[in-house]
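The model shown is predicted, which means the values in this text are computed figures rather than measured ones. Chain identifiers are assigned alphabetically (A, B, ...) following the order of the sequence lines, protein sequences preceding nucleic acid strands; residue numbering begins at 1 within each chain. Because only heavy atoms are used, hydrogens play no part in the values below, and waters and symmetry mates are left out as well, while side chains stay in.
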Number of protein chains: 2
Amino acid sequence: MASRLSVSITYCRRCNFLPRALWVAHELLHTFGEYIADLRLIPAGGGDFDVDVNGERIFSRRQAGRYPEIAELKEALAARLEPEEAASLKRHPHPPAAG
Amino acid sequence: MASRLSVSITYCRRCNFLPRALWVAHELLHTFGEYIADLRLIPAGGGDFDVDVNGERIFSRRQAGRYPEIAELKEALAARLEPEEAASLKRHPHPPAAG
């Protein structure tokens, strides 16, 4: 059975981080769609740009003092897959849809 | 207190509906960000393109036999706001962020 990842992106609305959040959402859903149960976009404030996977924070803009790189987010998601699933993603970065 | 809407977009991954889903997400978060608690993108199959608000289905592609118009989705969300909030959105389609 495929791993099921629950992702959330909390972004500062007043900072106009919505396009960034949507871009990250696109990248993660495009590559990991097969393994993602849901991806939540959460409008917030305070300069937030946080990414959580299965309730665990994998990136905080305020803590890091920068925006996340897509590559580091993808690594964090891949680390939560079964080894053979992650290996398959490396061979086929955009696995054929099987929905 | 602002109304809190919980939105979800369930889309068929194998049909490549991700870009459509992201576009709808953009439109709803751009206009209603102030009132949206979260918007979930849910990869699915079977030709799905469904939109739910607060657990209530407001659009089903299979039932409608077509894709949703952005305008009808926005009407459905506005109908779930307080009257003065919906009126404010009509006056200021993209309210200033207050996050």
Given a strict heavy-atom distance threshold of 4.5 Å, which part of B/Leu18 is in contact with chain A: side chain, backbone, both, or neither? side chain

Given that the side chain runs from C-beta out, which part of B/Phe17 has a heavy atom under 4.5 Å from chain A: side chain, backbone, both or neither? neither

If you count heavy-atom pairs under 4.5 Å with chain B, which of A/Ala21, A/Gly33, A/Ala25, A/Pro19 comes out on top? A/Gly33

Please give me the minimum heavy-atom distance between B/Ala37 and A/Pro43, naming the atom from each residue. O-CD, 3.7 Å

Please find the pair of heavy atoms, one from A/Arg40 and one from B/Arg40, that lie closest to each other, and give the distance. CG-CG, 3.1 Å

Separation of [Y] [atom2] from [X] [atom1] (nearest 0.5 Å):
{"X": "B/Ile42", "Y": "A/Ile36", "atom1": "CD1", "atom2": "CD1", "answer": "12.0 Å"}
{"X": "B/Asp38", "Y": "A/Thr10", "atom1": "CG", "atom2": "OG1", "answer": "9.5 Å"}
{"X": "A/Leu22", "Y": "B/Leu41", "atom1": "CG", "atom2": "CG", "answer": "8.0 Å"}

Is it the case that more than 12 heavy atoms not belonging to B/Glu84 sit under 6.0 Å from its CD atom? yes

